[in-house]
Amino acid sequence: MAGEGKARSEDLNLCFEKLMMLAFGGGKTGSSEGGVKMEGAVITEWKDIPVELLLRIVSLVDDRTVIMASGVCSGWRDAICMGLTHLCLSWCKNNMNNLVLSLAPKFTKLQTLVLRQDKPQLEDHAVETIASYCHDLQDLDLSKSFKLSDLSLYALAHGCPNLTKLNISGCTAFSDDGLEYLTEFCQKLKFLNLCGCVKGATDRALQGIGRNCSQLQTLNLGWCENVGDVGVMSLAYGCPDLRTLDLCGCVCITDDSVIALANRCPHLRSLGLYYCRNITDRAMYSLVHNRVKNKLSMWESMKGRCDEEGLSRLNISQCTALTPPAVQALCDSFPALHTCSGRHSLVMSGCLNLTSVHCVCAVQAHRSASSFPHPAH
């Protein structure tokens, strides 16, 4: 059986180039002259191309060509519609809404759909159509869809309950009511980008996320100025597997948010606190304290893995209330936080009082350089 599979794979590769010409290069159909031999048969008609090979061709061309190919004949349309799981329409600059309306009823097996836009095109009825037909959807990008309202979130809640990744950054019209409703049905979410969703990302919405989305690992709340401690604490208690959290520009949060994250999210690897000027040394020391506590508790069960846990990226730029001793203690506790050249995983721009903070390798590099004799003048 393995030999037969290998032979078939080689056969597919040998005739692939000719079939590409037949399929997309305007090759004549209906005559053996333009045909391609495969397993004793001559492929001269569109319908003769094996589904396996057609899907291989589809996987190697751009999404615009895939859409064109689906219109070649009914056989191609059926094969592509049943086999296509990933589609990106971000190349469509002017007519994305109508394109989605026409394609969604055909491509019902989609698992990933990227509809990122440079200018707003999508409207609610397009998203409603997606939700009506694409029930297997797991990854959806609707970023910069300024025209969408909560109607889109309601439709996704009912039609796409298997969503694990949702990007609605820049969707400024969504409200916290719509977002909270979505979380009641889409409880498998692991990645959620709400950057710039000022009306949607509020403490109420975050309480819904914490209550319903316990599998969440990555959340972007950048510049969501209505987020406060109540919301972040709800996240910390409800989403213990949180790995990446961006709170940049969430100006209302205080040390209480960071303390809750330190206490309840042991797998947190990346934390963005840019411009969170209410953050003080108390937050930094809570991270240090829980780092020590987690190391002790994991020593027996995770020997050799302790250094793989903990923060590997932290942005405290413009957090001007922090002092060097607290940040240095943090840097010493998390060896993956670097201030050295080329490895800036501890970002402190705008904090002129923290220029004395350095990671271990930066200190070692400085010592090594100073140990070399200086040339005589």
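Any value given below was found using the heavy atoms of this structure, including those in side chains, with hydrogens, waters and symmetry copies removed.
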Side chain Asp150, main chain Ser175, donor-acceptor under 3.5 Å: yes
Stepwise side chain to side chain contact (heavy atoms under 4.5 Å, CB included) check, Glu128 with Leu151: CA-CA 8 Å; Glu128 289 169 341; Leu151 292 176; 3.9 Å; yes
Euclidean distance, Thr254 OG1 relative to Ile279 CD1, rounded to 0.5 Å: 6.5 Å
Gap separating the CG atom of Leu179 from the CD atom of Glu184, nearest 0.5 angstrom: 11.0 Å
Leu55 to Gly83 - nearest heavy-atom pair and separation: CD2-CA, 4.1 Å
Partner residues of Val114 under the side chain to side chain contact (heavy atoms under 4.5 Å, CB included) criterion, sequence neighbours left out: Cys88, Ser90, Thr112, Arg116, Asp141
Val230 with Tyr237, same ILVMFWY side-chain cluster at under 4.5 Å: no
Transitive ILVMFWY side-chain link Tyr154 to Leu140, under 4.5 Å: no
Side chain to side chain, Pro335 and Val360, heavy atoms closer than 4.5 Å: no
Under 3.5 Å donor-acceptor, His344 side chain and Thr339 backbone: yes
Sub-4.5 Å side-chain heavy-atom contact between Ile253 and Leu273: yes
N/O donor-acceptor pair under 3.5 Å between Arg269 side chain and Gly310 backbone: yes
Residue pair Leu148, Ile168: steps toward the side chain to side chain contact (heavy atoms under 4.5 Å, CB included) verdict: CA-CA 10 Å; Leu148 298 184; Ile168 52 175; over 6 Å; no
Same cluster (ILVMFWY, side-chain, under 4.5 Å), Tyr274 and Leu322: no
Spacing of Leu346 atom CG and Phe334 atom CZ [to the nearest 0.5 Å]: 11.0 Å
Donor-acceptor contact present, side-chain Asn226 to main-chain Val198, <3.5 Å: yes
Glu180 side chain near Asn212 side chain, heavy-atom distance below 4.5 Å: no
Pair Asp332, Gln328: side-chain N/O donor-acceptor within cut-off below 3.5 Å: yes
Shortest non-hydrogen contact from Val61 toward Val66: CG2-CG2, 3.9 Å
Distance-only side-chain donor-acceptor flag, Lys119 / Asn94, under 3.5 Å: yes
Modelled atom types, side-chain donor and acceptor of Asp63 and His86, under 3.5 Å: no
Within-4.5 Å side-chain heavy-atom neighbours: Cys359 and Arg343: no
Backbone of Ala336 reached by a side-chain donor or acceptor of Ser345 within 3.5 Å: yes
Main-chain N/O of Ser143 paired to Asn167 side chain as donor or acceptor, under 3.5 Å: no
Ring geometry between His158 and Phe185 (parallel below 30°, tilted from 30 to 60°, perpendicular above 60°): tilted
Distance-minimising heavy-atom pair for Asn97 and Ala126: OD1-CB, 3.3 Å
Student check: side-chain heavy atoms of Leu314 and Leu330 closer than 4.5 Å: yes
pair Ser145-Gln117: side-chain heavy atoms closer than 4.5 Å: yes
Aromatic plane relationship, Tyr275 with Trp223 - under 30° parallel, 30 to 60° tilted, over 60° perpendicular: tilted
Closest non-hydrogen atom pair between Cys250 and Cys224, with its separation: SG-O, 3.6 Å
NZ-CD distance between Lys188 and Gln138, expressed to the nearest 0.5 angstrom: 8.0 Å
Any donor-acceptor N/O pair, Gln121 side chain to Lys93 backbone, under 3.5 Å: yes
From Thr108 atom OG1 to Lys106 atom NZ, the distance as rounded to the nearest 0.5 Å: 12.0 Å
Distance-only side-chain donor-acceptor flag, Asp241 / Gln217, under 3.5 Å: yes
Ser270 and Thr244: CA distance, side-chain angles, deciding distance, side chain to side chain donor-acceptor pair (under 3.5 Å) verdict: CA-CA 5 Å; Ser270 177; Thr244 300; 4.7 Å; no
Contact check, side chains of Leu192 and Thr183, non-hydrogen atoms, under 4.5 Å: no
Gln207 side, atom CD; Thr202 side, atom OG1 - distance, nearest 0.5 Å: 8.0 Å
Carboxylate-amine/guanidinium contact Asp256 Arg282, below 4.0 Å: yes
Verify same cluster id: Leu216, Met233 (apolar side-chain graph, 4.5 Å): no
Donor + acceptor pair across side chains of Asn290, Asn263 (<3.5 Å): yes
Atom of Arg291, atom of Ser333 and distance for their closest heavy-atom approach: NE-O, 3.0 Å
Trace of the side chain to side chain contact (heavy atoms under 4.5 Å, CB included) decision for Ser286 with Val258: CA-CA 8 Å; Ser286 72; Val258 179; 4.3 Å; yes
Heavy-atom pair with the smallest gap, counting every atom of Glu225 and Cys252: O-SG, 3.5 Å
Derivation of the side chain to side chain contact (heavy atoms under 4.5 Å, CB included) call for Phe107 and Ile80: CA-CA 8 Å; Phe107 298 153; Ile80 291 174; 4.1 Å; yes
Heavy-atom side-chain contact between Ile209 and Leu194 under 4.5 Å: yes
Side-chain (Asp139) to main-chain (Thr164) donor-acceptor, under 3.5 angstrom: no
Common cluster, Leu311/Val327, ILVMFWY with side-chain heavy-atom separation under 4.5 Å: yes
Check: Ser317 side chain, Ser349 main-chain N or O, donor-acceptor pair, under 3.5 Å: yes
Partner residues of Thr129 under the side chain to side chain donor-acceptor pair (under 3.5 Å) criterion, sequence neighbours left out: none
